[in-house]
Amino acid sequence: MLLVSKILENFDEVSSSMLKRNIDVNNQLKKIIELDKSRRETQSKLDSHLADSNKLAKKIGDIFKKGEYEKANSYKEKASLLKLETKKISDVLNSYINDLNNLLLDIPNIPHQLVPKGDSENDNEEVLNEGKIPELHANALAHWELASKHDIIDFELGNKITGAGFPVYKDKGAKLQRALINFFLDKNIEAGYKEIQVPILVNELSGTSTGQLPDKEGQMYMINEDNLYLAPTAEVPVTNIYRDCILNSNELPICLTSYTPCFRREAGSYGSHVRGLNRLHQFDKVEIVRIETPEKSYLALDEMVNHVKSIISELNLPFRIVRLCGGDLGFTSCLTYDFEVYSAVQKKWLEVSSVSNFETFQSNRLKLRINDNGSKVLAHTLNGSSLALPRIVACILENFQTEKSIKIPKALIPYTGFDKI
RNA sequence: AGAGAGGUGGCCGAGUGGUUUAAGGCGCACGCUUGGAAAGCGUGUAUACGCCAAAAGUGUAUCGAGGGUUCGAAUCCCUUCCUCUCUACCA
């Protein structure tokens with residue numbers, strides 16, 4: 001959520017930078033400023049009425065003690081009238097606060113200077129392209145064909161148990177999943193991230209605080225009976241650990257890593273690009289989350305990008321890093337780098353990681369501050385996938401297939417216990 | 001899930017309608033004291049919002065959360081969340 005003070009002080013900058021997202025928020029911003037002014041005026045008015053009420057109540061108490069009941073009663077009447085008026089002002093104030101909040105909740109984060117203008121993923125800016133695209137034999141198969149040929153992932157069985165997008169991993173397929181999770185976690189821990197296990201069901205406030213609500217309302221599975229959501233990413237439970245916290249500057253940076261299954265409804269996405277493992281309703285992901293001071297957050301973003309890069313390199317997968325353009329940039333993010341691995345059979349790039357700096361957008365909702373020698377500032381939050389499994393699995397299967405088998409990348413063999421499928 | 005007991009500042013803990021402006025203690029910070037330390041003494045010690053150019057200051061709100069009763073609520077009522085004990089169930 002943007003700060004009203006930021007909008008007030010940098011109106012033109014905020015307004016024009018939103019054009020990169022292809023949205024015009026000028027009117028909303030003006031309304032926010034107006035509402036904030038009304039809010040402050042009403043607050044002053046209410047406070048002075050409450051101050052009067054408090055004084056009067058005290059006076060009545062004193063008079064009662066002296067036993068002057070008649071006098072007290074006349075003051076009581078006066079106090080009642082004052083109270084009625086106070087109630088009215090308080091209602092007005094609350095409506096201003098609500099309207100202001102609702103407007104602010106609908107405005108996305110301000111894109112960073114580096115974010116290119118653009119409409120869609122086609123306008124993303126490639127910043128690195130590394131690794132060799134393998135030359136496959138003539139009969140190379142797509143991963144969903146390999147999965148069934150080797151009987152390691154069963155999509156049909158998942159349909160039976162749950163529905164489309166919930167595959168069953170079998171035998172070496174299951175072990176490959178487990179190997180990747182451990183491999184990723186170990187790499188992250190080695191790089192200084194502390195492992196943490198968190199709940200996968202989250203409440204509404206958690207969803208709002210990291211920015212999934214109200215923006216992605218329809219993308220999360222909801223359990224109505226208990227008013228809980230299935231987390232679409234570990235970002236939600238992990239970042240919310242620090243909701244309503246004031247951290248001492250010497251506690252920073254906070255670097256966490258967590259494995260969780262992730263659940264996404266993916267409403268409205270159908271077609272060939274969702275075949276096999278390309279897009280699932282349930283998938284596994286290892287996430288990294290950082291909390292940083294404003295001064296260091298972009299340094300941290302670079303570190304995270306380099307870290308994810310090193311993991312993909314170790315798996316020997318051809319990949320590229322793209323800087324998301326305004327049109328593709330997530331609601332909550334200032335700057336995002338996506339990692340895409342190349343699927344040699346499908347002949348396309350598949351997103352496997354998204355690394356973002358949210359600056360104060362989340363921390364403002366989280367009320368996550370840093371206490372630096374008595375002065376308080378909002379922290380910067382960042383996160384990234386390190387990494388999401390399904391498309392990594394798809395690429396391993398496709399890119400490392402031979403006529404007879406699938407070779408496991410060397411770095412993974414200690415984790416799988418086998419070198420081919 | 002049922003019955004009961006609870007939730008008060010960084011922590012412990014007093015407080016059943018108006019000298020609570022939340023006692024007292026611990027912790028922490030600073031100062032005095034000391035050769036140095038401890039002890040002792042003194043001062044201070046939350047968050048949010050408003051006013052003020054800013055600081056100082058000051059007003060308001062906050063005793064799990066939300067609503068209500070009252071001139072006045074930590075205290076009474078309702079709703080809700082959480083914790084503990086017992087019972088039931090259970091990996």
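Here is the naming used below: chain letters follow the sequence lines, and residue numbers restart at 1 for every chain.
Atom P of B/C26 sits at a distance of 39 Å from the matching atom of B/C81, rounded to the whole Å.
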For nucleotides 51-55 of chain B, list the nitrogen or oxygen atoms of the protein found under 3.5 Å from its nitrogen or oxygen atoms, one pair per line.
from	atom 1	to	atom 2	distance (Å)
B/C51	OP1	A/Arg40	NH1	3.4

Any N/O pairs under 3.5 Å between the protein and nucleotides 73-83 of chain B? List them or say none.
none

Return the polar atom pairs (N/O with N/O) between nucleotides 65-67 of chain B and the protein under 3.5 Å, or none.
none

Quick one: which protein N/O atoms are closer than 3.5 Å to N/O atoms of nucleotides 18-21 of chain B? Pair and distance per line, please.
from	atom 1	to	atom 2	distance (Å)
B/G18	O2'	A/Lys65	NZ	3.0
B/G18	N2	A/Ala57	O	2.6

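Among residues two or more places apart in sequence or in another chain, the salt bridge (charged side-chain N to carboxylate O under 4.0 Å, His left out) test is passed with A/Glu125 by A/Arg323. Looking at residues two or more places apart in sequence or on another chain, you find a salt bridge (charged side-chain N to carboxylate O under 4.0 Å, His left out) between A/Lys37 and A/Glu41. Shown here are the salt bridge (charged side-chain N to carboxylate O under 4.0 Å, His left out) partners of A/Glu217, two or more places apart in sequence or in another chain: there are none. By the salt bridge (charged side-chain N to carboxylate O under 4.0 Å, His left out) test, A/Asp91 pairs with A/Lys87, sequence neighbours left out.
Figure legend. B/A73 is base-paired to no nucleotide; pairs are counted as Watson-Crick or G-U wobble with both atom distances under 3.5 Å. Pair check for B/G27 finds B/U45; Watson-Crick or G-U wobble, both atom distances under 3.5 Å.
Under the 30°/60° scheme for interplanar angles, the aromatic rings of A/His281 and A/Tyr221 are found to stand perpendicular.
Listed by first and then second residue, the side-chain hydrogen bond (donor to acceptor under 3.5 Å, both in side chains) pairs that reach into residues 189-207 of chain A are A/Tyr193-A/Arg290, A/Asn203-A/Ser206, A/Ser206-A/Arg243, sequence neighbours excluded. Listed by first then second residue, pairs satisfying side-chain hydrogen bond (donor to acceptor under 3.5 Å, both in side chains) with a partner in residues 6-21 of chain A read A/Ser15-A/Asn26, not counting sequence neighbours. Applying the side-chain hydrogen bond (donor to acceptor under 3.5 Å, both in side chains) test to pairs two or more places apart or on separate chains, those with a residue in residues 165-180 of chain A are A/Asp151-A/Lys170, A/Asp154-A/Lys170, A/Gln177-A/Asp284.
Sequence order on RNA chain B of the closest nucleotides to A/Asp36 and A/Tyr75 puts A/Asp36 first from the 5' end.
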- Item | Annotated protein contacts, base or backbone, on nucleotides 57-62 of chain B with a non-hydrogen cut-off under 4.0 Å, one of B, S, - each | --BSS-
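Distance CG (A/Asn364) to C1' (B/C49): 14 Å, rounded to an integer number of Å.
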